[in-house]
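Worth knowing before you read on, the calculation uses all heavy atoms, side chains too, and leaves out hydrogens, waters and symmetry mates.
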Amino acid sequence: LSGFEMLKAQEQADGFREKPVQASQPFFRRGQVGGWREELPQRLVNQLIDIHGNTLQRLGYLNISGDPAEE
């Protein structure tokens with residue numbers, strides 16, 4: 001019940017309560033690895049790295065230089 005297509009269908013049918021009220025797009029959009037690179041503006045990527053960089057690096061989302069890791 002947690003596959004991407006299932007979650008997307010559930011959101012379409014019943015909504016998704018964690019989705020921000022002001023969001024204009026569905027929460028579950030494409031489910032594609034690396035899709036954020038086409039979706040997020042660079043200023044937001046930089047802000048996320050500034051705020052959460054230590055955690056992102058510890059979890060393997062940033063490389064040793066602090067840049068987003070390749071998929």
Side-chain angles (χ1 to χ4, degrees):
L1 294 176
S2 63
F4 180 79
E5 292 302 325
M6 180 66 74
L7 292 171
K8 188 173 182 174
Q10 289 174 10
E11 178 184 13
Q12 289 173 342
D14 302 319
F16 183 66
R17 68 178 176 193
E18 287 87 355
K19 176 183 167 182
V21 175
Q22 69 276 16
S24 60
Q25 296 183 18
F27 186 84
F28 298 100
R29 292 182 304 275
R30 292 188 300 170
Q32 183 178 23
V33 173
W36 64 271
R37 293 178 189 275
E38 299 170 15
E39 301 276 340
L40 295 179
Q42 189 61 46
R43 66 168 182 77
L44 184 54
V45 173
N46 293 341
Q47 186 177 7
L48 288 167
I49 291 171
D50 288 345
I51 295 169
H52 302 290
N54 291 338
T55 301
L56 292 169
Q57 196 157 36
R58 183 170 46 86
L59 295 173
Y61 292 106
L62 300 179
N63 63 25
I64 194 78
S65 301
D67 298 317
E70 296 297 320
E71 283 82 31

Colleague: To check you understand the geometry: which heavy-atom pair defines the closest contact between F4 and R30, and what is its length?
Modeller: CZ-C, 3.3 Å
Colleague: With rounding to the nearest 0.5 Å, note down the distance linking NE2 in H52 to CZ in R58.
Modeller: 12.5 Å
Colleague: Which distance, rounded to the nearest 0.5 Å, do you find between the CG of L56 and the CG of D50?
Modeller: 10.5 Å
Colleague: Write down the atom of L40, the atom of V45, and the distance for their closest heavy-atom approach.
Modeller: CB-CG2, 3.9 Å
Colleague: So does Y61 have more than 12 non-hydrogen atoms from other groups sitting under 6.0 Å from OH?
Modeller: no
Colleague: Side chains of Q42 and N46: closer than 4.5 Å at any heavy-atom pair?
Modeller: yes
Colleague: Look only at the side chain of Q57 and the backbone of N63, and say whether a donor-acceptor pair between them is shorter than 3.5 Å.
Modeller: yes
Colleague: Can you find a pair of side-chain heavy atoms, one from P68 and one from I49, that are under 4.5 Å apart?
Modeller: yes
Colleague: Do F27 and E18 have side chains that get closer than 4.5 Å, going by heavy atoms?
Modeller: no
Colleague: Mind checking whether M6 and F28 sit in one hydrophobic cluster, side chains of I, L, V, M, F, W, Y counted as touching below 4.5 Å?
Modeller: no
Colleague: Considering all heavy atoms of both residues, which atom of E39 and which atom of Q25 are nearest to each other, and what is their separation?
Modeller: OE1-OE1, 4.2 Å
Colleague: Identify the heavy atoms of G60 and A69 that sit nearest to each other, and give their distance.
Modeller: O-CB, 3.6 Å
Colleague: Inspect the surroundings of CD1 in I64 and state if more than 12 heavy atoms from other residues, nucleotides or ligands are less than 6.0 Å away.
Modeller: no
Colleague: Indicate, with yes or no, if W36 and L59 share a hydrophobic cluster defined by side-chain heavy-atom contacts under 4.5 Å among Ile, Leu, Val, Met, Phe, Trp and Tyr.
Modeller: yes
